[in-house]
J.: 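Can you keep this structure in mind? I'll have questions shortly.
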Amino acid sequence: MKVSWFRRQQYVQVRLDQKGEEGALWVKCAGCGDLVFRERVRENQGICPRCGAYFFLTAQERIALLVDENSFQDVSKPIVAADPLGFVDRQPYVGRLKEAQQKTGLRNETVVGRARLGGHPVILAVTDFRFIGGSMGSVMGEQLAHAVGMAAHELWPFILVTSTGGARMQEGIFSLMQMVKTVTARRELERVGVPFISVMTYPTTGGVLASIASLGDITIAEKGALIGFAGRRVIEQTTGEKLPAEFQTAEFAFDHGMVDRVVERRELRSELVRVLEFFPGGRDR
Amino acid sequence: MKVSWFRRQQYVQVRLDQKGEEGALWVKCAGCGDLVFRERVRENQGICPRCGAYFFLTAQERIALLVDENSFQDVSKPIVAADPLGFVDRQPYVGRLKEAQQKTGLRNETVVGRARLGGHPVILAVTDFRFIGGSMGSVMGEQLAHAVGMAAHELWPFILVTSTGGARMQEGIFSLMQMVKTVTARRELERVGVPFISVMTYPTTGGVLASIASLGDITIAEKGALIGFAGRRVIEQTTGEKLPAEFQTAEFAFDHGMVDRVVERRELRSELVRVLEFFPGGRDR
Amino acid sequence: MTVEDLIAELQEKLAELKRVARENGRDLTPDIAELEQRVAQLSQGRGAWDQVQLARHPSRPTTLDYLDLLMDGFYELHGDRLGSDDSAIVGGLAKFAGRTVVVVGHQKGRNLAEKRARRSGMAGPGGYRKAMRIMRLGERFGFPIITLIDTPGAYPGVAAEEHNIGGAIADSIHAMLRLRTPIVVAVIGEGGSGGALGIGVGDRVLMMENAYYSVISPEGCAAILWGDRSRAPEAAAALRLTAHDLLDLGVIDEVVREPPGGAHTDPEGAARSLGEALRRHLDELRGMVPGELPALRGSKFRGMGICEGAVPVTHEQGGE
Amino acid sequence: MTVEDLIAELQEKLAELKRVARENGRDLTPDIAELEQRVAQLSQGRGAWDQVQLARHPSRPTTLDYLDLLMDGFYELHGDRLGSDDSAIVGGLAKFAGRTVVVVGHQKGRNLAEKRARRSGMAGPGGYRKAMRIMRLGERFGFPIITLIDTPGAYPGVAAEEHNIGGAIADSIHAMLRLRTPIVVAVIGEGGSGGALGIGVGDRVLMMENAYYSVISPEGCAAILWGDRSRAPEAAAALRLTAHDLLDLGVIDEVVREPPGGAHTDPEGAARSLGEALRRHLDELRGMVPGELPALRGSKFRGMGICEGAVPVTHEQGGE
Ligand SMILES: [Zn+2]
Ligand SMILES: [Zn+2]
């Protein structure tokens with residue numbers, strides 16, 4: 001099931017950079033409505049210095065926020081999305097991909113790397129929401145399988161940080177099948193006893209939630225995350241139900257036993273280091 | 001947790017023979033209030049010929065109702081309850097045991113036998129509620145372990161028919177430990193791939209529900225059964241909650257996913273035969 | 001609205017646009033191109049929407065219909081043992097071709113009241129947990145597992161989210177990858193996204209000829225892409241969701257023939273055809289070492305996906 | 001009311017009865033005998049009720065207190081992944097004696113608000129399912145498991161029954177019997193029947209000196225036997241529920257000394273004592289083959305029970 005990500009501002013205090021705003025010096029915070037100096041926000045881990053609202057992070061920003069300085073080595077597979085269906089909507093999928101690549105400077109939505117956190121070697125995979133909603137197609141499936149393979153080989157913990165609207169419609173059934181593919185990968189970690197820490201950030205929904213993201217040994221939700229399978233509008237239209245105020249927030253997920261902890265962005269790095277301390281092993285140690 | 005079985009008449013249409021009524025020609029039906037001829041009830045599988053209410057069955061009656069004629073061979077272990085705590089309440093436990101033995105003609109509350117159902121060889125264990133509420137002490141634990149051991153050895157399906165108020169208070173901690181003991185026994189069946197059919201009749205509660213009875217491969221509730229962990233009064237007193245009308249009935253258990261089917265007493269034998277047809281094996285076949 | 005109606009309507013609009021362009025001398029080339037492309041896409045993929053309609057036909061045989069027709073006795077099991085019995089998924093023991101199998105499938109309901117009670121086959125978390133429980137029962141006794149998929153998708157509701165529907169589907173996928181017993185999956189009607197996949201991880205995946213299987217419903221896709229659910233036929237064509245599409249894409253293993261006109265015109269015929277295919281695949285799988293099935297099943301799905309700029313990832317046949 | 005008060009009261013009644021019998025020449029022998037027996041039972045078992053009181057002492061250290069004192073960092077995990085997070089059970093990763101362990105325990109709450117939120121340690125089905133999830137996590141990484149028992153019993157409530165509390169406890173017992181990692185259980189306060197046992201299946205079962213462990217609460221026992229909850233002290237004596245009783249009966253493996261006056265008078269001392277015992281047992285178990293633990297654990301419990309008229313069933317020590 002695909003979740004529309006167009007209405008995110010309604011229910012959490014996060015705001016995606018708008019196209020064209022990329023170069024702006026000032027950005028408007030969706031939390032307090034104030035114009036804040038972009039650089040101040042960057043330095044502040046993507047948190048509004050006035051009201052504490054979280055801005056979207058790019059994959060690079062997320063990585064920088066988590067890993068030991070200069071420890072990240074990008075080992076993503078050099079692959080890009082194919083267009084197996086010849087999909088055309090408002091524009092051809094190939095065009096949409098090019099646009100996303102230009103806008104983000106990324107080849108695709110998933111970045112995989114070797115890194116250290118508090119000295120612990122890990123394999124880290126991060127999805128970038130700016131790239132077609134961080135949605136999962138064949139590339140994300142392959143990147144995650146690749147990342148897990150490395151983690152299993154090195155016996156290093158695997159950390160996945162998701163920001164994704166779910167499956168990527170434009171690759172049709174192949175996107176759906178990535179749900180199974182990522183779970184088969186997750187099984188490799190079980191076989192070798194390597195921990196998998198799933199970090200859900202805004203948003204973690206649809207087919208990614210219903211596959212690898214939900215299968216962490218430890219699952220951490222970033223405060224402000226949207227976590228849910230079906231989209232709000234779909235639920236309202238299908239069932240006519242009124243949605244509770246906290247619906248599909250990180251706190252909702254916590255209250256309903258879906259995640260181990262809800263963690264502030266500022267605490268996320270130290271939280272992960274704390275978790276890693278419990279797991280011995282890793283070839284370098 | 002021990003469930004009091006003193007208030008059973010309040011909530012299902014079953015009636016225990018009262019002491020002293022054993023020899024009476026007529027019994028009063030708790031369902032319709034009429035006096036009915038005891039022999040008619042017996043012939044009618046313990047069902048009131050007027051209103052269809054279920055009377056309690058003794059272990060012998062239950063067995064007769066289920067197995068192929070003349071196929072039952074009692075292979076219960078020749079054991080009786082010890083009194084490891086020297087327990088005395090209104091009367092010493094040893095006196096209570098003697099009384100129960102005299103009243104029921106049974107050595108203890110659990111009868112184990114080899115039998116055939118529709119030609120299928122099985123190991124059958126039945127608890128008799130008349131014997132101190134069919135409660136589980138060391139003897140029931142050992143009888144069930146013994147029964148399961150035979151089933152695992154013969155590769156015959158194991159059928160357990162429970163009518164029990166839960167753990168037997170008078171044997172204290174030993175009764176509690178039978179919960180684990182019966183589950184270890186159940187695990188033997190898993191190892192050899194022998195099916196375990198759990199049949200819950202009025203009542204199946206407390207420590208027996210919270211151990212082996214809940215772990216059937218197939219679980220069948222007899223209509224009219226009371227199925228629940230905690231006693232109604234305990235719940236009311238502890239929480240002040242008002243109990244739903246259907247609370248802890250077989251239908252309640254079904255609606256809440258605890259049992260596979262609710263079956264009329266008349267259909268129980270044919271239902272079990274139907275289930276057994278699906279399981280090949282058994283040394284005689 | 002049929003695809004034909006839609007195409008006719010678009011062609012009318014197209015003619016009008018061209019007329020305006022010609023008469024008023026305005027340059028409407030981009031609009032005309034877009035419309036022409038839509039018409040082309042629809043014409044090319046007109047089978048897609050027709051098959052979606054057939055897959056949803058109110059008289060199309062359901063899981064229980066097929067079980068009635070195919071199985072020699074179906075003994076339904078109930079409950080997830082966790083608090084619920086979700087009737088949008090049925091499951092139990094059955095005799096098939098003389099042997100015991102475990103069957104799990106979505107059940108839409110065969111009349112209005114039943115459809116409501118079963119939420120038209122849209123299962124909640126309890127449904128997937130019941131399915132897992134019953135499939136594990138099958139594994140314990142070495143019974144092969146057959147799953148029949150027929151759902152518009154998992155139930156989108158507050159209670160479903162509260163009980164972690166995402167996690168339930170993930171767990172079910174995970175559980176199916178571990179089962180040491182053969183699994184044959186057949187999409188018999190609607191194969192609606194994660195709700196379908198939740199019981200869709202098999203050593204073989206078959207599709208009935210008029211079934212569809214898609215990452216998103218055509219309506220949902222149209223709503224997201226064009227803000228217009230009525231453009232579902234186009235979305236259906238774009239998604240390549242028919243049985244033959246999926247066979248071409250290497251995602252399924254076989255298309256099961258239906259009687260001319262669709263399964264609802266001849267349920268017995270459809271069941272015969274499905275039964276033959278199930279039997280054949282189960283026979284093939286029976287020869288395999290149970291302990292090896294999970295690894296083969298895993299590598300089958302592990303190999304699904306098409307990327308560029310790297311060693312091509314192709315679909316490896318599991319279990320052959 | 002203390003046991004002493006109760007005995008004094010009964011002795012007064014007894015004196016009165018004897019006076020009446022003597023003065024009025026009535027034969028009150030059976031009544032006098034019953035009272036004398038109650039007094040004897042109470043005197044003999046007066047330690048039992050005192051220890052129940054100590055086990056329930058409002059300042060007695062709870063699971064989280066012991067974790068604070070014993071563990072080098074406790075990382076709490078939450079949720080059963082099925083819809084709930086029951087705070088009557090806490091669990092997570094911890095560093096103990098330099099190694100990672102998994103800890104699961106009942107948590108009563110340390111103040112009124114917390115006690116209410118945690119239902120005084122009375123766990124519902126979600127609690128046992130969370131416990132299972134966390135213990136299985138420990139097994140995946142070979143971490144030993146420590147469980148701390150401190151509950152009046154499982155929560156008796158409508159929602160608990162609706163979510164199959166009986167099945168949840170049964171499943172948890174079943175799961176613990178299968179875990180391929182060492183398990184040490186310690187009853188630190190109240191060991192209330194099935195609710196305690198739900199996380200109580202270990203290779204070693206220890207009890208703090210003033211803890212109790214019983215098939216039923218003394219009050220519940222008294223209510224059933226005599227229709228009088230105030231006779232709980234007698235029931236406590238009859239049930240043989242103290243740590244030393246259980247050691248004598250062969251049901252537990254060790255009594256963990258508490259500071260004089262009870263754990264609440266010196267939590268650090270109590271924690272040292274508990275920590276020493278846990279460490280010692282974990283060290284012993286560490287030498288064992290993980291694959292053999294389930295069978296040994298099973299035979300330990302398989303051997304519990306005392307019957308007559310058959311080959312005596314004795315308590316076999318698992319894991320030694
Ligand atoms: Zn702000
Ligand atoms: Zn009657």
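Not measured: the values here are computed from a predicted model. Each chain gets a letter, A, B and so on, in the order the sequences are listed, and its residues count up from 1.
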J.: Quick one: of Glu236(B), Arg187(B), Glu241(B), Gln237(B), who has the most non-hydrogen atom pairs under 4.5 Å with chain D?
T.: Arg187(B)

J.: Under a 4.5 Å heavy-atom cut-off, does chain D meet the side chain of Glu190(B), its backbone, both or neither?
T.: side chain

J.: Provide the closest heavy-atom pair for Ile235(B) versus Gly157(D) in the form atom of the first, atom of the second, distance.
T.: CG2-CA, 3.9 Å

J.: Side chains of Ser214(D) and Leu176(B), heavy atoms from C-beta outward: is any pair under 4.5 Å?
T.: no

J.: Looking at Val139(B), Val88(B), Val208(B), Thr182(B), which makes the most heavy-atom pairs under 4.5 Å with chain D?
T.: Val88(B)

J.: Rounded to the nearest 0.5 Å, how far does CG of Asn108(B) lie from CD of Glu308(D)?
T.: 12.5 Å

J.: Has Glu161(D) got a side-chain atom pairing as donor or acceptor with Phe229(B)'s backbone, closer than 3.5 angstrom?
T.: yes

J.: For the CD atom of Gln178(B) and the CG atom of Leu197(D), what is their distance to the nearest 0.5 Å?
T.: 10.5 Å

J.: Does any backbone or side-chain atom of Val201(D) lie under 4.5 Å from a heavy atom of chain B? Answer side chain, backbone, both or neither.
T.: side chain

J.: Would you mind checking which part of Gln37(D) comes under 4.5 Å of any heavy atom in chain B, side chain (CB onward), backbone (N, CA, C, O), both or neither?
T.: side chain

J.: Could you measure the distance from the CE atom of Met140(B) to the SG atom of Cys307(D)? Nearest 0.5 Å is fine.
T.: 11.5 Å

J.: Counting only non-hydrogen atoms closer than 4.5 Å, does Met122(D) touch chain B with its backbone (N, CA, C, O), its side chain (CB onward), both, or neither?
T.: side chain

J.: Which atoms of Arg178(D) come close to chain B, meaning under 4.5 Å heavy atom to heavy atom: side chain ones, backbone ones, both, or neither?
T.: both

J.: Atom CG of Leu225(D) and atom CZ of Phe87(B): how far apart are they, to the nearest 0.5 Å?
T.: 5.0 Å

J.: Shortest non-hydrogen contact from Lys242(B) to Val158(D)?
T.: O-CG2, 4.2 Å

J.: Under 6.0 Å from the CZ atom of Arg191(B), do we count more than 12 heavy atoms belonging to anything else shown?
T.: yes

J.: What part of Asp245(D) gets within 4.5 angstrom of chain B, counting heavy atoms only: side chain, backbone, both, or neither?
T.: neither

J.: Which distance, rounded to the nearest 0.5 Å, do you find between the CE of Met258(B) and the CG of Asn164(D)?
T.: 4.0 Å

J.: Which residue in the set Leu239(D), Val215(D), Ile252(D), Val251(D) passes side chain to side chain contact (heavy atoms under 4.5 Å, CB included) when paired with Ile173(B)?
T.: Val251(D)

J.: Taking the side chain as every heavy atom from C-beta outward, state whether Glu162(D) and His256(B) have any pair of such atoms under 4.5 Å apart.
T.: yes

J.: Determine yes or no for a side-chain-to-main-chain donor-acceptor pair under 3.5 angstrom, with Ser138(B) supplying the side chain and Gly305(D) the backbone.
T.: no

J.: Which one wins on heavy-atom pair count under 4.5 Å against chain D: Ser214(B), Ala145(B), Ala210(B)?
T.: Ala210(B)

J.: For a side chain to side chain contact (heavy atoms under 4.5 Å, CB included) check, start with the C-alpha distance between Val180(B) and Met304(D), then their side-chain angles and the critical distance, and finish with the verdict.
T.: CA-CA 9 Å; Val180(B) 189; Met304(D) 286 187 191; over 6 Å; no

J.: How far does CE of Met177(B) sit from CG of Leu249(D), to the nearest 0.5 angstrom?
T.: 10.5 Å

J.: Side chains of Ile306(D) and Glu171(B): does their closest heavy-atom pair fall under 4.5 Å?
T.: no

J.: If you measure from the Lys or Arg side-chain nitrogens to the Asp or Glu carboxylate oxygens, is any gap between Glu188(B) and Arg302(D) under 4.0 Å?
T.: yes

J.: Taking Thr238(B), Leu215(B), Leu243(B) one by one, which has the highest count of heavy-atom pairs under 4.5 Å against chain D?
T.: Leu215(B)

